[in-house]
Amino acid sequence: MPLTHLLWSAVTPKTTAPPAVPPPSQGEAAPVQPSPAPPPPRSSVNLYELTFGSVCGVCAGVFVKKGARAVAFVMGGVFVLLQYLGSLSLVRVDWGRTATRFENLFYTTDATGAKRPPNVGSLFRWIIDFLTADFQQRASFIAGFTLGLRIG
């Protein structure tokens, strides 16, 4: 071998060819090649065209998610503390009265007079209505808000 060929082969990366598949015999089926994976879906948010509404929505979504997590942490801690103090007979909590106050505060009454508990949809509608009051970019805000809830 000439010296240039040896040097060139030392510098270039070695590629390995895929193993050759022998042709199928008469009784065998041809091997099935896996189809390549489809490309990932494109994002509906264009990072170069963020509007004022979508930026406000992302920021509000992150804030609401982090705030809800903090509130849940604090309320869970208060519940555990009350249960612990109750087990030591230091305090007595009337959970029935607490549940009644919660129902009076958060439950809604429909047209038939039945009380309905809050659900995630009503909470989301209330938050969106509250945050987008007198805000013109409502549609882009909602898209940004849901994105902020997801990434927050």
Side-chain angles (χ1 to χ4, degrees), residues 13-152:
K14 304 224 185 298
T15 59
T16 57
V21 178
S25 347
Q26 276 189 326
E28 296 179 16
V32 177
Q33 296 292 333
S35 62
R42 292 182 41 143
S43 174
S44 61
V45 176
N46 185 351
L47 295 177
Y48 298 109
E49 295 178 7
L50 292 176
T51 64
F52 177 70
S54 61
V55 171
C56 289
V58 168
C59 295
V62 170
F63 177 78
V64 167
K65 186 172 183 179
K66 299 288 184 185
R69 196 175 277 176
V71 167
F73 179 80
V74 169
M75 289 182 71
V78 167
F79 175 76
V80 169
L81 179 67
L82 287 174
Q83 289 293 87
Y84 176 71
L85 293 175
S87 71
L88 296 177
S89 299
L90 294 175
V91 295
R92 188 177 89 61
V93 179
D94 186 2
W95 290 114
R97 185 171 174 211
T98 306
T100 303
R101 292 187 70 185
F102 176 84
E103 289 173 6
N104 290 338
L105 187 61
F106 293 109
Y107 279 38
T108 57
T109 307
D110 61 4
T112 63
K115 285 192 163 193
R116 294 180 31 175
N119 57 25
V120 175
S122 65
L123 177 65
F124 185 76
R125 279 190 302 275
W126 181 84
I127 288 174
I128 291 296
D129 289 340
F130 174 75
L131 292 176
T132 58
D134 298 329
F135 192 68
Q136 296 243 332
Q137 296 88 355
R138 184 179 174 102
S140 61
F141 178 87
I142 293 171
F145 185 76
T146 55
L147 181 64
L149 286 176
R150 180 157 187 212
I151 64 174

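Heavy-atom basis, side chains included; hydrogens, waters and symmetry copies ignored. Numbers here are sequence positions counted from 1. Given the structure is predicted, the values throughout are model-derived calculations rather than measurements.
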Requested in this report: Check for a donor-acceptor pair, side chain of Thr51 on one end and backbone N or O of Ser54 on the other, with a separation under 3.5 Å.
Outcome: yes
**Report entry** Close side-chain approach of Ile127 to Phe145, heavy-atom, < 4.5 Å
**Finding:** yes
Query raised in the report: Taking atom CD1 of Ile142 and atom CZ of Phe124, what is their separation to the nearest 0.5 Å?
Result: 6.5 Å
Query - Exercise: identify the closest heavy-atom pair between Arg150 and Lys65 - result: O-NZ, 3.7 Å
Report task. Determine which pairs satisfy salt bridge (Lys or Arg N to Asp or Glu O under 4.0 Å) with at least one residue from residues 121-138, sequence neighbours left out, and list them in order. Result -> Asp129-Arg138
Query raised in the report: Can any side-chain N or O of Ser122 pair as donor or acceptor with the backbone N or O of Pro118 at less than 3.5 Å?
Result: no
Query raised in the report: Taking only residues at least two apart or on different chains, which pairs with a member in residues 106-117 satisfy side chain to side chain donor-acceptor pair (under 3.5 Å)?
Result: Asn104-Lys115, Asp110-Thr112
Query - Closest non-hydrogen atom pair, Phe141 against Ala60 - result: CZ-CB, 3.9 Å
Query raised in the report: Mind checking what makes ring-ring contact (aromatic ring centres under 6.0 Å, His included) contact with Phe102, not counting sequence neighbours?
Result: Phe106
Requested in this report: Please examine the side chains of Ile151 and Val58, heavy atoms only from C-beta on, and report whether any two atoms are closer than 4.5 Å.
Outcome: yes
Requested in this report: Calculate, to the nearest 0.5 Å, the distance between atoms CG and CG belonging to Leu85 and Leu81 respectively.
Outcome: 4.5 Å
Report task. Kindly compute the distance separating CD1 (Ile128) from CG (Leu123), expressed to the nearest 0.5 Å. Result -> 10.0 Å
Query raised in the report: Can you tell me if CZ on Phe135 sees more than 12 non-hydrogen neighbours from other groups inside 6.0 Å?
Result: yes
Query raised in the report: Which heavy-atom pair separates Gly53 from Ser140 by the least distance, and what is that distance?
Result: CA-OG, 3.5 Å
**Report entry** Shortest non-hydrogen contact between Leu149 and Gly61, atoms and distance
**Finding:** CD2-O, 3.4 Å
Report task. Hey, can you tell me if Phe79 and Trp95 have their rings parallel, tilted or perpendicular (30° and 60° cut-offs)? Result -> tilted
